[in-house]
Every structure is written in structure tokens, then in C-alpha cells.
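Here's the structure, in C-alpha cells; my notes come after.
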Amino acid sequence: MHSSAVFLIEFGAIILGLGLLGRLAARLRFSPIPLYLLAGLAFGEGGLLPLGTSEEFVAIGAEIGVVLLLLMLGLEYTAGDLVSNLKTQYPAGIVDATFNALPGAAMALLLGWGPIAAVVLAGITWISSSGVIAKVLGDLGRIGNRETPVILSILVLEDLSMAVYLPVVTALLAGTGLAAGSVTLAVALGVAGLVLLVAVRWGRHISRFVSTDDPEKLLLVVLGLTLVVAGVAQQLQVSAAVGAFLVGIALSGEVAEGAHHLLSPLRDLFAAVFFVFFGLHTDPASIPPVLLPALALAVVTALTKIATGYWAARRAGISARGRWRAGGTLVARGEFSIVIAGLAVTSGIDSDLGPLATAYVLLLVVIGPLTARYTEPLALRLTGRRERRTAPEAASRDQEDAAVTRS
């Protein structure tokens, strides 16, 4: 059979299967992300029916999916919102790094992998998945919730921290000198700062340049601009997700509303492909030997992420319901953890690090949507007696948060 025909059959089957899984998840009132991941695991390396010709396209689609997820999140907020949140939430970023990086570093040292592997595994356990969390917030209708700006601030701080972390890790793994690593780090920080400055200072001019009454031209210009900025950012050792998010921040008014409407179907398509891609590149046979340490690490860092989100939301004056929602939403790990693990594997640092990271990410990508949905009701049930003793103003804030969630 001709290769193009095989590609069309394979990719069409993927999209059809994702649609059916999405309908099943909707009937069950459940996020479709775990089903997408398990489908990828079944048809990936070592699965029931490995794919062939469509694999490269799925990989590219997965990258576009992350970019679109973060662009759409950025469209929900203004540059002023971003700057004010970053100024007020930077202590939460410090707490986040401390609580969630240390367990990974400790696990690597306990397994005898050495200090470089400890730095690598610390990054894997530290960084939440912006892509997964963006999808979960949309699925659960929480974009407008009071705790969502706190969640986004932590995610942006993590992604911006990658501009420092990734060059350092790359230099450590490659064994390059301090001078070369310092140059890479300076370039990465400069690019991140420049993109942020352009988004904040000249966002209105960018919106005016992009604005058009023709939906087709608006779609092409916004999508093209986002991909170019994301690609340049990634080439210069800055996260593509950060670049896409800041493009969304820079657009405002009618342009943002029009772009959101036009890009929503594309986001849903490529986001689903992104989650399938995780499973496709995981060999199920590599998971059992490292399942126990991965599971232990997943449990510990799920709890530390919940604690991080709770503390940050409490600091921002969010009520108890919002605090638990913030903590549960931050649990998922994803794209950055896989990137960091990939750097370590290609450098030959340790043969077990790759499978451990993959098992860890798969566990938390599946668990993450569940904690986002059920942490709040479970926590409130367990602490119900204490909640009944709270002040009337706290109860009022709870009712306000619940009303926002239902809307």
C-alpha cells in the first residue's frame, strides 16, 4: 500500500479514536486526558499495534498542541495581569521549587546515580505540565475562577525558570566549561526578558497590527506569529510554551476574542495529539522495573504540589475551596519533564533514568486530572468539621468560588 495511503489511514484512525474516547469521557463527566494517554501507550513502542508512517507527523502535532494550549491561556489575560501576578507570586515560585525539586534530587542520590542525575531528576519532579493543566482548566470550566491566576503565575514562573535551568543542565550533561554555559544562560535570559518586555510595553501595537475583519486572515496571522515566536524562543533555549503564552498576553480586545473563537477547534485537535504522543513513545516493558520508585516519587510530589498550590492560594486570599483546587490542579507533570529526561538519556547519564522519568510522568499525567477534579471535594469532606467553624466571610468566598465554577 502506498505510504501516503497508510499515513491517511493511521492518522485518521487516531483522530477517530480520540473523538470516540472524548465522547466516552464526556458521558462519564471525566477529563479525556488519561484515556488519550492510555490509547497512545497501547499503540506505541511495544504496544498492541505500533504505528509507522504517521509517527513523525504526530510528534510535530504534539509540539503544536502545547503551543496552542499556552496561546489560548495567554489570550485570557492581559499583560498588566501577568506582571502584577508575577510580582505578588514570586515567593510561591520559590516554595514550589523547594518543595518539588528536593524529592527528585533525594531519590537520585538514594538510587546512587550521582549529583548530576540528582539535578536532572530535581527538574523532572519540579516542573508542572503547562499543557496538561491548560487542558484540565478548560475541561473543568475553571478559566475564570479566582484561583486560576495563582495557578498561571506559578506555571509562568516555572516556565521562565526553565530559561535558567535548561542551559545549566545542558552544560552539566555535556561537560562544557563555565564560560560556554554562562553564554548560553545569558542569551536565554535575554530572550525571555525581551519577549516579556515586548508583550507588556507594545501589546496594543501588536494587536493593532494583527487586527482584521477577515477571519481567515486573522487565523493565519495569529497562528503564524505564535509559531514563529515559539520556534525562535525554543531555538534560543527559552521554552516555546513561554513564547506562545506571551503572544497570547500581547493580544487584547477584539483580536483576542476573535483569535480565541477561531483557534479553539485547532487547539482541541492538536492538544489531543499531544497527549497521545506521550503514550506512543513509551515502551510498556520498560515501566515495571522502575514502577515502585516512580510510584513513591509520584505520591510524594503530588502531595508537595498540592501543598504548594494551597499555600500560594491562601497567600493570595483565596478561600478554602479555591486553595484545594489550586493544589490539585498543579499535580500533573508533562512536556518539560520529558524534555529534561530526554537530554539525560541522550547523554548516557544512567540507563534507568529514562524509564523512571517516563513512568513518573505517565503516572502523574493520569493522576493529575483526577486530583484537579477530586482534591477539593475530598479535602472538604475530610476537613468538614473544621470548615463549619470558619468565619462567615470565608463561607461567602466559598460560595462565590462555587458559583464561578458552575458558570
Side-chain angles (χ1 to χ4, degrees), residues 22 26 31-32 61 63-86 130-153 155-156 159 195-231 233 239-274 322 325 329 400-401 403-407:
S31 173
E63 294 185 22
I64 295 174
V66 176
V67 168
L68 289 178
L69 283 167
L70 272 295
L71 169 67
M72 300 296 277
L73 264 186
L75 290 173
E76 299 287 341
Y77 298 91
T78 66
D81 293 335
L82 174 66
V83 173
S84 63
N85 284 329
L86 290 179
S130 300
V132 175
I133 292 170
K135 176 66 173 172
V136 168
L137 288 172
D139 288 344
L140 297 179
R142 296 181 180 174
I143 295 295
N145 277 26
R146 293 182 64 217
E147 75 275 2
T148 299
V150 176
I151 296 170
L152 293 181
S153 297
L155 293 179
V156 171
D159 288 352
V195 175
L196 181 59
L197 177 65
V198 169
V200 173
R201 291 284 183 87
W202 295 286
R204 284 179 292 180
H205 299 290
I206 296 173
S207 295
R208 194 175 300 119
F209 168 75
V210 171
S211 179
T212 176
D213 294 330
D214 189 329
E216 177 184 349
K217 294 183 178 63
L218 179 63
L219 172 64
L220 294 174
V221 171
V222 172
L223 181 59
L225 176 65
T226 303
L227 293 176
V228 168
V229 172
S239 163
V242 170
F245 181 81
L246 293 177
V247 170
I249 289 288
L251 302 178
S252 59
E254 294 182 0
V255 173
E257 293 177 8
H260 192 285
H261 175 72
L262 293 170
L263 289 168
S264 291
L266 282 178
R267 174 202 58 190
D268 294 339
L269 169 62
F270 285 106
V273 172
F274 161 68
R325 286 196 296 266
T329 303
E400 179 184 346
D401 284 348
V404 172
T405 302
R406 287 195 298 270
S407 63

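The shown structure was predicted, so the numbers you read here are calculated from the model rather than taken from an experiment.
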Sequence-distant partners of His205, side-chain hydrogen bond (donor to acceptor under 3.5 Å, both in side chains), two or more places apart:
Arg208
For Val222 versus Leu71, what's the shortest heavy-atom pair and its separation?
CG1-CD2, 4.3 Å
Give me each pair satisfying salt bridge (charged side-chain N to carboxylate O under 4.0 Å, His left out) with a member in residues 217-227, each pair once, sequence neighbours excluded.
Asp214-Lys217
Where do Leu140 and Arg325 land on the side chain to side chain contact (heavy atoms under 4.5 Å, CB included) test, with the steps shown first?
CA-CA 11 Å; Leu140 297 179; Arg325 286 196 296 266; over 6 Å; no
Just verifying a value: how many Å separate Ile64 CD1 and Leu269 CG, rounded to the nearest 0.5 Å?
9.5 Å
Residue set satisfying side-chain contact (heavy atoms from CB on, under 4.5 Å) with Leu219, at least two apart, ordered chain then number -> Leu262, Leu263, Leu266
Side chains of Thr329 and Glu147: does their closest heavy-atom pair fall under 4.5 Å?
no
Looking at His260, is its backbone amide N or carbonyl O close enough to the side chain of Ser264 to form a donor-acceptor pair, meaning the two atoms are under 3.5 Å apart?
yes
Mind checking salt bridge (charged side-chain N to carboxylate O under 4.0 Å, His left out) for Asp213 and listing every partner two or more places apart, or none if nothing turns up?
none
Determine yes or no for a side-chain-to-main-chain donor-acceptor pair under 3.5 angstrom, with Thr226 supplying the side chain and Ala244 the backbone.
no
Closest non-hydrogen atom pair between Ser207 and Ala250, with its separation
OG-O, 3.3 Å
To the nearest 0.5 Å, tell me how far Leu68 CG sits from Phe270 CZ.
7.0 Å
With the side chain counted from C-beta on, respond yes when Ile133 and Leu152 share a heavy-atom pair under 4.5 Å apart, and no when they do not.
no
Pairs touching residues 246-274 that satisfy salt bridge (charged side-chain N to carboxylate O under 4.0 Å, His left out), sequence neighbours left out
none
If you compare all heavy atoms of Leu218 against all heavy atoms of Gly258, which two are closest, and at what distance to 0.1 Å?
CD2-C, 3.9 Å
Could you list the residues that satisfy side-chain contact (heavy atoms from CB on, under 4.5 Å) with Ser211, not counting sequence neighbours?
Val255
